[in-house]
Protein chains: 2
Amino acid sequence: MVPHLKTALTGPLQDLEKRFLDNSTTIEQWFRAQWREHVPPFYGSVDLRNSGYKLAPVDTNLFPGGFNNLNADFLPLCVQAAQSAIERICPNAASILLIPENHTRNMFYLQNVARLASILGHTGLRVRIGSLLPEITEPTPIELPNGDSLLLEPLVRRGKRLGVEGADPCAILLNNDLSAGVPEILKGLEGQWVIPPLHAGWATRRKSQHFAAYDFVAGKFADMLGIDPWLINPYFATCGEINFHERTGEECLASQVDGLLTRIRKKYAEYGVDEKPFVIVKADAGTYGMGVMTVHDAADVVGLNRRQRNKMSVIKEGLQVSEVIIQEGVSTVETVSGGVAEPVVYMIDHYVVGGFYRVNSDRGRDENLNAPGMHFEPLAFQSPCSMPDCKQPPDSPPNRFYAYGVIGRLALLAASVEIEQTAPAQVQEAGATA
Amino acid sequence: MVPHLKTALTGPLQDLEKRFLDNSTTIEQWFRAQWREHVPPFYGSVDLRNSGYKLAPVDTNLFPGGFNNLNADFLPLCVQAAQSAIERICPNAASILLIPENHTRNMFYLQNVARLASILGHTGLRVRIGSLLPEITEPTPIELPNGDSLLLEPLVRRGKRLGVEGADPCAILLNNDLSAGVPEILKGLEGQWVIPPLHAGWATRRKSQHFAAYDFVAGKFADMLGIDPWLINPYFATCGEINFHERTGEECLASQVDGLLTRIRKKYAEYGVDEKPFVIVKADAGTYGMGVMTVHDAADVVGLNRRQRNKMSVIKEGLQVSEVIIQEGVSTVETVSGGVAEPVVYMIDHYVVGGFYRVNSDRGRDENLNAPGMHFEPLAFQSPCSMPDCKQPPDSPPNRFYAYGVIGRLALLAASVEIEQTAPAQVQEAGATA
């Protein structure tokens, strides 16, 4: 179904990636030590940009929705990693409730849910899928394009426990990012593990907190390898009081954009990068590629027209944007049959379990590829990310993907730190049990 | 290189295997609970026999020597499982010393060592290979048929630590089964992990202890599934005072053989098995398929001729046999191009990471296939053992291999119990550190 192209980028491997390869033993040791200090999230996916001179994460998703895009050959890796996660988080769980996003017609997403359910089932959990949608009032089977089917069931709250009719699961796995806030039915649960914890949802999560944690983690990693952290870390800044409709906060935005562009320009000069710097302005709590804008000049954010302001002000679930993150733009040099390609790395526990390219032929190399309504072709990674091979040329797929797996895990580690730092007091004490 | 046949057995799946499939969630939960009680060995391989009506382990190896025979596509599973094992056993190890068997010309075995070294390297360990062979007095590179090379180095003992020139490793992984006893150079080490612990070597290990532990484990498993434990467990008995040269202990052997054959005959009658029962007589501490005999009648073990007595009395490293195990013979119904085939399941930590068929065209279906000097063709499993698929027919490869993975893990669990039970007092206190 998905063509197994070698990699979207066939040019020679850059210095940075070569550095990772040469130091893979040290890097793996370093990660091993980090995971003793920080608890990995149950799962996560990281969007990367590879500009040739720079390889950096641009978004980290703690409720990944594209397991269906992974190479099916690597599913055993998912099962093994999920076993390991379950053993760590809820070893005596016999059943799990999977709560997906509120989509009933997005077949791509529903195939992701089916695959997740299958992975969980193989670890020895009875899986039920409980929907937050009010219109799901009875068990509703959904036929998937690949012939599988999925049973969405209405959630049933009994006292401080959540389940579906006839099932009182030990654990709840969220594949819903809680953009609309934490639903009442999920609040105040006791004696059930909620994975990831509620505060990892977009109701409380902020991109800027994540990238602050990434700053810290990438700094330590760069130190250890003796490299400039900028090579793996996009600059960022925030503005906290924006109202695009009322045009307040424009000056803050313009000045932050200008500041970032100046810093990037300096780095471009230092590394001889002959490109026009740009930044991406995004909703700090946003997701789904909504509320995202590419900006080349501070003047561009002053006096936005109505269409631009509308676009920026509303994100998923109709929420208003008031905080934004301004992130250094990292262009991508990867293309697949003329379309711009962005690698997405998938992880379960602290293991890289696969990845795919998001290929979008309608977009430029300095634009966001995960845009609503935009068509993208997933192209599964051909090789796993855990097996660099020093006997193969440095630009062979296992070696290229290894570098992606390193940066993906670095962003996942940042997410661990972020979740620790943002945990409400009682969660910090009680661990993952809600 | 290795043809990826679907499975050696293409007939319909038997009742027992179907029972495993139907209960896979319960089985996985049961294993999860068991691994909380018992520490899995670092690695292991299990030889299975599938007679159609019965699926049972016949040998469990705690120093597996055929990693080179596994499907290379599943190597990422090995790396992930080894990461997990290292995190559990010696999380802060940065380097490891691999001690192989004393072979310098067995290229099949040396390719196994190379593959093991590569797996360990990918987990983030610096790997050195230290040889126990006295003739290895300086670093000795060995070219392998696949173009790889291996560096065997002389072991260097410094006080209570063992290493090689220029390296003081954190951990020592034995791929040597210690048939010749525990070498002085391995005794009294301090501050280094020795994996598996020394008492898991054949210097102290007994097949009968393993199968006693398997009896216990298989009994619990059969109870949980509501099946007759005989369906997964070969009967066995022992004789402790045999001297094949001096012809002492023959009566004990004959009477045990007779007793076992009687018990097997009863079970055959119960299940309507129309076969001639047989037993396998093996050295209780033996390995490498040496000192093994197929017996159909108690009279066969009385008055053995000189050749037979010689064959039975000496095992690996020239050791004398005095204790034997008499094990119910399980014939194999699996064949590959006319040769008799026996599945071998490979595990790292508690994860099944692959397997292969040992195919031997010179041997009968009631004979030992792992015989010295015998040619066998490895045939790698095409699918992993962790992904049964209820949507595929029950005899499809993932489903057949799942059953093999279940019995393989059951034998590995028995090995955990065995290692606990046979641990010397100080090891029981100090854990895995030697």
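Small disclaimer: the values here were computed from a predicted structure and weren't measured.
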What pair of heavy atoms forms the shortest contact from [X] to [Y], and how long is it?
{"X": "A/E28", "Y": "B/H122", "value": "CG-O, 3.7 Å"}
{"X": "B/V353", "Y": "A/Q80", "value": "CG1-NE2, 4.1 Å"}
{"X": "A/R32", "Y": "B/T123", "value": "NH2-O, 3.5 Å"}

Kindly compute the distance separating CG (B/D73) from CG (A/D73), expressed to the nearest 0.5 Å.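 CG of A/D73 is found 7.0 Å from CG of B/D73.
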Got a second to check how far B/Y351's OH is from A/Q83's CD, nearest 0.5 Å?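 It is 6.0 Å, given to the nearest 0.5 Å.
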Heavy-atom proximity to chain A below 4.5 Å, by part of [X]:
{"X": "B/V127", "value": "neither"}
{"X": "B/I27", "value": "neither"}
{"X": "B/D349", "value": "neither"}
{"X": "B/A33", "value": "neither"}

Counting heavy-atom pairs closer than 4.5 Å to chain B, which one of A/A94, A/G147, A/S118 comes out on top?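 Option with the greatest count: A/A94.
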A/R36 and B/E87, any side-chain heavy atoms less than 4.5 Å apart: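 Not touching, per the 4.5 Å side-chain cut-off.
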Taking every heavy-atom pair that is under 4.5 Å apart, which of B/V79, B/L77, B/T26 has the most such pairs with chain A?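 Between B/V79, B/L77, B/T26, the count favours B/L77.
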Pick whichever of B/G121, B/A93, B/S24 has the most heavy-atom pairs under 4.5 Å with chain A.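 Maximum pair count with chain A is reached by B/A93.
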Please flag which part of A/I119 lies under 4.5 Å from any non-hydrogen atom of chain B: side chain, backbone, both or neither.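 Contact with chain B involves no heavy atom of A/I119 at all.
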